[in-house]
Participant: 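What follows is a structure written as structure tokens; I'll ask about it next.
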2 protein chains.
Amino acid sequence: MYVSARSDYALRAMLAVAAGCTGPDGDHADPAPRAGSGEPGGELVKAAALAESQSIPLSFLQGILLDLRRAGLLFSHRGTDGGYALARPATEISVGDVLRAVGGSLTSVRGLPAEVAGYHGVATGLRDVWLAVDGAIALVVDRTTLADLLAEDRSVRR
Amino acid sequence: MYVSARSDYALRAMLAVAAGCTGPDGDHADPAPRAGSGEPGGELVKAAALAESQSIPLSFLQGILLDLRRAGLLFSHRGTDGGYALARPATEISVGDVLRAVGGSLTSVRGLPAEVAGYHGVATGLRDVWLAVDGAIALVVDRTTLADLLAEDRSVRR
DNA sequence: CAGTATTCCTACTTAGTTGGTAGGAACAGT
DNA sequence: ACTGTTCCTACCAACTAAGTAGGAATACTG
């Protein structure tokens, strides 16, 4: 499995949003509680704060956040007190959700999804291997939620 | 998981060698038994025959075969009746062996192996995810041998 | 309404990888 | 010698990933 910078950044950004953007030293950067409104998540975190806390190039991150929003994983708000928040609780967003939002399918053979593989002759059985691999990966990434990762002990679900 | 053309070709070529280069229509192309010698495998198959039977560009395939030989998976012989044969029985060569021979590690994060991932802050747990994914992939590809894939029913071991 | 802060969106640049080619040199048999 | 094959190096073209730049749209504040 190849994890691109895009996927990596996306996950780190989602985790930072989920944690209310806790920096490396455990400092909260601008909580901005936004009390008294029906928006999802609790605190709006600015893109610049995310970029800072996880050392991600800001303008690159912005494109990623946009993808996450379009995939329905993030809620966003513009303007002076704008920022991003999770669209669902962290317990209901899996690693797989994030990966698929920014990177397409988990397994691909020469750029195409594993299902579309034109094998012939002795190679026919290979297709099943890729499908099995895809299933094995999905099992891990779909069972692990952002909330699991934020709990320091026992982070990966088995 | 991304399966590159190189990995894909390598597996198809290995399967074709294991099958004695059986073409799409089930025709045997030049068995060339090479009786009376202690070489591994049974029949030497020429690179050109492999390229033909699995529609792989010949000169590209040659580089791949070289890698497979250097990894100790193939035996080769030059000259008029030269060709390639498996260095071990097909039951003792796994899909993972072939993938690692041509492609390095199975899981990589931004080009680096999963173990070497410098996460900090809230993202610390991600490393364990990639390790779990790597283990899950390995479980599939290391349990499946070339011989399994050549048996048409029940090709992928569970 | 003016001004400011932020997300949103598009186009572009740059560097590296992938897929593939070409042309021989080394080697084995006849 | 001659032929057929693997071996090896260098090279090329296209694509993708990673990152940049510059604004337009939107939301709040005084």
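Just so we're on the same page: letters track the sequence lines, and every chain starts at 1. All values below come from the heavy atoms of this structure, side chains included, with hydrogens, waters and symmetry mates left out.
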Participant: For each nucleotide in nucleotides 5-16 of chain C, reading 5' to 3', give B when a protein heavy atom comes within less than 4.0 Å of its base, S when such contact involves only the sugar-phosphate, and - otherwise.
Facilitator: BBBBS-------

Participant: Decide whether B:Tyr119 and A:Leu146 are clustered together by the hydrophobic rule: side chain heavy atoms of Ile, Leu, Val, Met, Phe, Trp, Tyr closer than 4.5 Å, transitively.
Facilitator: yes

Participant: Could you tell me the separation between the CG atom of B:Leu58 and the P atom of D:dG4, rounded to a whole number of Å?
Facilitator: 15 Å

Participant: Roughly how many Å is it from CG in B:Asp67 to C1' in C:dG19, rounded to a whole number?
Facilitator: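 Distance, rounded to whole Å: 14 Å.
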
Participant: Considering residues at least two apart in sequence or located in another chain, which fulfil the side chain to side chain donor-acceptor pair (under 3.5 Å) criterion with A:Arg6?
Facilitator: A:Asp67

Participant: What distance do A:Leu86 atom CG and A:Leu73 atom CG have between them, rounded to the nearest 0.5 Å?
Facilitator: 9.0 Å

Participant: If we ignore hydrogens and angles and just use 3.5 Å, is the side chain of A:Gln54 paired with the main-chain N or O of B:His120 as donor and acceptor?
Facilitator: yes

Participant: Atom CG of A:Leu112 to atom P of D:dC15: distance rounded to whole Å?
Facilitator: 14 Å

Participant: Find the distance B:Phe60:CZ to D:dT6:C1' and express it as a whole number of Å.
Facilitator: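 About 18 Å, once rounded to whole Å.
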
Participant: Calculate, to the nearest 0.5 Å, the distance between atoms CG and CZ belonging to A:Leu65 and A:Arg70 respectively.
Facilitator: 11.5 Å

Participant: Could you tell me which residues satisfy side chain to side chain donor-acceptor pair (under 3.5 Å) with B:Ser7, sequence neighbours excluded, listed by chain and number?
Facilitator: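 Applying side chain to side chain donor-acceptor pair (under 3.5 Å) to B:Ser7 gives B:Ser4.
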
Participant: Name all residues meeting the salt bridge (Lys or Arg N to Asp or Glu O under 4.0 Å) criterion together with A:Arg127; count only those two or more places apart in sequence or in a different chain, and write none if there are none.
Facilitator: none

Participant: Which atoms form the tightest heavy-atom contact between B:Thr91 and B:Thr145, and what is the distance?
Facilitator: O-CG2, 3.4 Å

Participant: Can you list, by residue number, the residues of residues 92-107 of chain A that have a non-hydrogen atom closer than 4.0 angstrom to DNA chain D?
Facilitator: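 By residue number: none to list.
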
Participant: Roughly, in whole Å, what's the span from CZ in A:Arg110 to P in D:dA14?
Facilitator: 17 Å

Participant: Suppose we screen for salt bridge (Lys or Arg N to Asp or Glu O under 4.0 Å). Which residues come up paired with B:Arg69, at least two apart in sequence or across chains?
Facilitator: none

Participant: B:Phe60: what forms a ring pair (Phe, Tyr, Trp, His ring centres under 6.0 Å) with it, not counting sequence neighbours?
Facilitator: B:Tyr9

Participant: Could you pull out all residues at least two apart from A:Ser94 that satisfy side chain to side chain donor-acceptor pair (under 3.5 Å)?
Facilitator: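 Listed in chain order: A:Asp97.
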
Participant: Considering only heavy atoms, which members of residues 4-11 of chain B lie under 4.0 Å from some atom of DNA chain C?
Facilitator: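 Listed by number, they are B:Ser4, B:Ala5, B:Arg6, B:Tyr9.
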
Participant: Taking ring pair (Phe, Tyr, Trp, His ring centres under 6.0 Å) as the test, write out the residues that go with B:Tyr84, two or more places apart.
Facilitator: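 Ring pair (Phe, Tyr, Trp, His ring centres under 6.0 Å) list for B:Tyr84, sorted by chain: empty.
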
Participant: Can you sort out the partners of B:Asp134 under salt bridge (Lys or Arg N to Asp or Glu O under 4.0 Å), two or more places apart, ordered by chain and number?
Facilitator: none

Participant: Would you work out how much the helix from C:dC1-D:dG30 to C:dT30-D:dA1 bends between its ends, with each end axis defined by five base pairs, to 10 degrees?
Facilitator: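 About 10°, once rounded to a multiple of 10°.
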
